[in-house]
S.K.: 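Have a look at this one.
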Amino acid sequence: MSIAENLKGVQQDLPEGVRLVAVSKFHPVEALNEAYAAGQRVFGESRVQEMCAKQEVMPADVEWHFIGHLQTNKIKYMLPFVSLIHGIDSYRLLEEVNKQAARAGRVINCLLQLYIAQEETKFGFSPEECRSMLAAGEWRNLTNVRVCGLMGMASNTDNGEQISREFRSLHGFFNEVKAEFFAECPEFKELSMGMSHDYRLAVAEGSTLVRVGSRIFGERVY
Ligand SMILES: *Cc1c(COP(=O)(O)O)cnc(C)c1O
């Protein structure tokens with residue numbers, strides 16, 4: 001199957017209003033160009049240098065999403081062009097993005113990453129941490145970041161019931177914080193969940209942004 005055919009297959013699974021982030025990390029620019037030619041405009045990368053290198057050579061209307069774990073010393077390189085940072089996993093990081101975005105004269109769209117999996121290795125806020133960070137209210141002074149929603153990764157398991165339960169809990173938490181902290185913020189509307197093996201389950205649980213890599217581009221070569 002070609003990249004174009006894979007893309008079409010994934011797109012057909014997505015209802016109106018659910019957007020596809022084509023996760024192109026570790027794949028060469030040729031692969032991204034193939035997806036671009038097939039109409040894909042939103043690409044997700046997990047390393048800042050790699051994303052910057054690709055951004056320089058890809059067409060200007062590509063929307064770049066950063067989906068990886070972000071180190072503060074790398075933020076500045078992507079600020080001129082990044083359109084959404086999915087993985088804000090601490091208040092300190094949000095503050096740092098805000099500070100550097102102010103210097104760059106931009107307002108950066110961000111998602112708060114929640115820890116929903118029953119695994120030890122994933123980054124993210126626990127619901128309690130996220131709730132207390134939002135309740136503290138200081139984030140409202142960060143005028144160079146715009147919190148647009150939440151992101152989460154389910155456990156890496158074949159148990160679809162468990163995956164669905166984790167996505168459902170994230171959606172429930174999204175509704176809760178939307179009502180409590182973002183009732184006046186129409187921009188708080190994104191729920192980034194679902195990857196190659198579980199995006200259908202994520203869509204069924206209310207995902208608005210799926211991040212699909214290997215299902216489109218094939219296995220990654222590290
Ligand atoms: C790599 C990655 C993806 C895509 O994973 P696939 O299984 O290849 O679809 C999605 N989200 C995040 C955060 C990733 O790091």
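Residues: numbered from 1 along the sequence shown. Computed from heavy atoms alone, side chains included, the values below leave out hydrogens, waters and symmetry copies. In each ligand, atom 1 is the first atom listed, and ligand 1 is the first ligand listed.
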S.K.: Kindly indicate whether a cation-pi arrangement holds for R41 with Y36, taking the cut-offs as under 6.0 Å to the six-membered ring centre and within 45° of the axis.
M.R.: yes

S.K.: What residue and atom, counting heavy atoms only, is the protein's closest point to atom 5 (O) of ligand 1, and at what distance?
M.R.: M195 CE, 3.5 Å

S.K.: Just going by heavy-atom distances, which of A22, S214, G194 is nearest to atom 7 (O) of ligand 1?
M.R.: S214

S.K.: Determine whether any heavy atom of R215 lies closer than 4.0 Å to an atom of ligand 1.
M.R.: no

S.K.: Could you check whether the rings of H65 and H86 sit parallel, tilted or perpendicular, using 30° and 60° as the cut-offs?
M.R.: tilted

S.K.: Checking a contact table here: which protein heavy atom is nearest atom 11 (N) of ligand 1, and how many Å away?
M.R.: R211 NE, 2.9 Å

S.K.: Check for me whether the distance between the ring centres of F188 and F174 falls short of 6.0 Å.
M.R.: yes

S.K.: Salt-bridge test for E180 and R131: reply yes if a basic N is under 4.0 Å from a carboxylate O, no otherwise.
M.R.: no

S.K.: State the CG-NE2 distance between D158 and H197, to the nearest 0.5 angstrom.
M.R.: 8.0 Å

S.K.: Knowing that exactly one of K74, K25, K54, R211 qualifies, which makes a salt bridge (Lys or Arg N to Asp or Glu O under 4.0 Å) with E45?
M.R.: K54

S.K.: Report yes if M151 has an N/O atom closer than 3.5 Å to an N/O atom of ligand 1; otherwise report no.
M.R.: no

S.K.: Between F182 and W139, does the ring centroid distance fall short of 6.0 Å?
M.R.: yes

S.K.: What residue and atom, counting heavy atoms only, is the protein's closest point to atom 6 (P) of ligand 1, and at what distance?
M.R.: S196 OG, 3.4 Å

S.K.: Which residue and non-hydrogen atom of the protein lie closest to atom 2 (C) of ligand 1, and at what distance in Å?
M.R.: K25 NZ, 2.6 Å

S.K.: Can you tell me the protein heavy atom closest to atom 12 (C) of ligand 1 and the distance?
M.R.: I67 CD1, 3.5 Å

S.K.: Counting only heavy atoms closer than 4.0 Å, does ligand 1 sit against the backbone of H197, its side chain, both, or neither?
M.R.: neither

S.K.: Suppose I only count heavy atoms of V212 and a 4.0 Å limit; which atoms of ligand 1 are within that range?
M.R.: 9 (O)

